[in-house]
Q: 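My structure is below; once you've seen it, I'll send some questions.
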Amino acid sequence: MKIGIIGISSLTLELAFRSAEAGCKVEIYNPKGNSLIREVTQKMGADIQLCSLEQAADMEIVLLFIAKDDLERIIKALPDMSGKLIIHTSTLIFDPLSLLSGITNAMTYKITAWLVPEAHVVKLFNPVNLKAKNSCMSCSNEDEIFFIADHNDSRKQVRDFLKKINFSPIDLSGRLHLRNTAFNLKSIVNPIKINPFKNNLN
């Protein structure tokens, strides 16, 4: 399996490390400059290499960690991503119980999906236990990780990939759908009343 990584974070580096340990080829592109992470990647093994944006995007699975301000610029520079599986990784989440509300209120991965509609975009969350003392490179093999996906095939592909690299994947797709359905029903039952005489542009 070939994994492309665009953007550097503690999570994408851990995914790179675990992927290489599982026998995957990993290509990494850092938008802020590959020279900044060259020393780190050299210590991670021969199966992890630095590359261009186009090379990272050409892998079977593409992992993204891009600042919101840079998201549109970098995605527009990607080659044709038709049918490609893109895993949009998140910043750290410290309370897994707040995942659903966080997803509902901040769906930056939906921006990615909108910018590359021909690809299958999955959102990946990394909950962190503040009491844990181990570094991410020494995490246990039973770490839970959360994801949501709208496409059945990509959902299975992501689950299989995460299991392959010794994560315990938890699919929140169904729970998010139920939450959104309940929210939509509530909006229908209690519609927002708009005063047509009030200026609503402010």
Q: More than 12 foreign heavy atoms under 6.0 Å from CD of E39: is that the case here?
A: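 Incorrect, the count does not exceed 12.
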Q: Main chain of C51, side chain of N34: is a donor-acceptor contact present, judged purely on distance under 3.5 Å?
A: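 Confirmed, N34 side chain pairs with C51 backbone.
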Q: Might you point out which heavy atoms bring A22 and I165 nearest each other, and give the distance in Å?
A: CB-CG2, 4.1 Å
Q: Any heavy-atom pair between the side chains of L13 and M44 that's under 4.5 Å?
A: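 Yes. Closest side-chain heavy atoms under 4.5 Å.
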Q: Heavy-atom distance under 4.5 Å between the side chains of E118 and M81, does that happen here?
A: yes
Q: Quick one: are I170 and E144 in side-chain contact, heavy atoms under 4.5 Å?
A: yes
Q: Any luck finding a side-chain donor-acceptor pair between Q157 and S154 under 3.5 Å?
A: no
Q: Between the main-chain N or O of G7 and the side-chain N or O of T12, is there a donor-acceptor pair closer than 3.5 Å?
A: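 It does hold such a pair.
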Q: Do you know which two heavy atoms are closest between A16 and I5, and how far apart they sit?
A: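 So the two residues come closest at CB-CD1, 3.5 Å.
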Q: Let me confirm one number: the CG-CG distance from L124 to L162, rounded to the nearest 0.5 Å.
A: 6.0 Å
Q: Would you compute the distance between atom SG of C24 and atom CD1 of I3 and round it to the nearest 0.5 angstrom?
A: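 The SG atom of C24 sits 5.0 Å away from the CD1 atom of I3.
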Q: Minimum heavy-atom separation for S19 to V26, with atom names?
A: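 Between these two residues, the closest heavy atoms are CB-CG2, 3.7 Å.
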Q: Rounded at 0.5 Å granularity, tell me how far CG in L63 sits from CD1 in I87.
A: 5.0 Å
Q: Keeping the roles fixed (side chain from K84, backbone from M59), state whether a donor-acceptor pair exists under 3.5 Å.
A: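 Confirmed, K84 side chain pairs with M59 backbone.
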Q: Rounded to the nearest 0.5 Å, what separation is found between the CD atom of E27 and the CD atom of Q49?
A: 6.5 Å
Q: Begin with the C-alpha distance, continue with both residues' side-chain angles, and end with the deciding distance and a verdict on side chain to side chain contact (heavy atoms under 4.5 Å, CB included) for D171 and F147.
A: CA-CA 5 Å; D171 185 358; F147 72 94; 3.5 Å; yes
Q: Any side-chain heavy atom of H88 within less than 4.5 Å of one from F65?
A: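 Of all side-chain heavy-atom pairs linking F65 with H88, none is under 4.5 Å.
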Q: So which of I66, I145, L15 actually passes side-chain contact (heavy atoms from CB on, under 4.5 Å) with T89?
A: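 When side-chain contact (heavy atoms from CB on, under 4.5 Å) is applied between T89 and each of I66, I145, L15, only L15 qualifies.
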Q: What's the spacing between S168 OG and D143 CG if we round to 0.5 Å?
A: 9.0 Å
Q: Within 45 degrees of the axis of the six-membered ring of F125 and under 6.0 Å from its centre: does K123 put its NZ or CZ there?
A: yes
Q: Side chains of I61 and V158: does their closest heavy-atom pair fall under 4.5 Å?
A: no
Q: Tell me, which pairs form a side-chain hydrogen bond (donor to acceptor under 3.5 Å, both in side chains) where one or both residues lie in residues 56-78, sequence neighbours left out?
A: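 Every side-chain hydrogen bond (donor to acceptor under 3.5 Å, both in side chains) pair that includes a residue of residues 56-78, provided the two are not neighbours, is E72-K76.
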Q: Decide side chain to side chain contact (heavy atoms under 4.5 Å, CB included) for H120 and D153; before the verdict, give the C-alpha distance in whole Å, the side-chain angles of both, and the deciding distance to 0.1 Å.
A: CA-CA 9 Å; H120 302 302; D153 289 343; over 6 Å; no
Q: Ring of F167, cation from R18 - is the NZ or CZ under 6.0 Å from the centre and inside 45° of the axis?
A: yes
Q: Does K156 pair with D160 as a salt bridge, N-O distance under 4.0 Å?
A: yes
Q: Are side-chain heavy atoms of I86 and V122 found at a separation under 4.5 Å?
A: no
Q: Hey, could you give me the CG/OH distance between L53 and Y29, rounded to the nearest 0.5 Å?
A: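 Going from the CG atom of L53 to the OH atom of Y29 covers 5.5 Å.
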Q: Just wondering, do P169 and F146 contact through their side chains at under 4.5 Å, heavy atoms?
A: no
Q: Could you check I6 against L78 for side chain to side chain contact (heavy atoms under 4.5 Å, CB included), going step by step and ending with a plain yes or no?
A: CA-CA 10 Å; I6 302 171; L78 295 174; 3.8 Å; yes
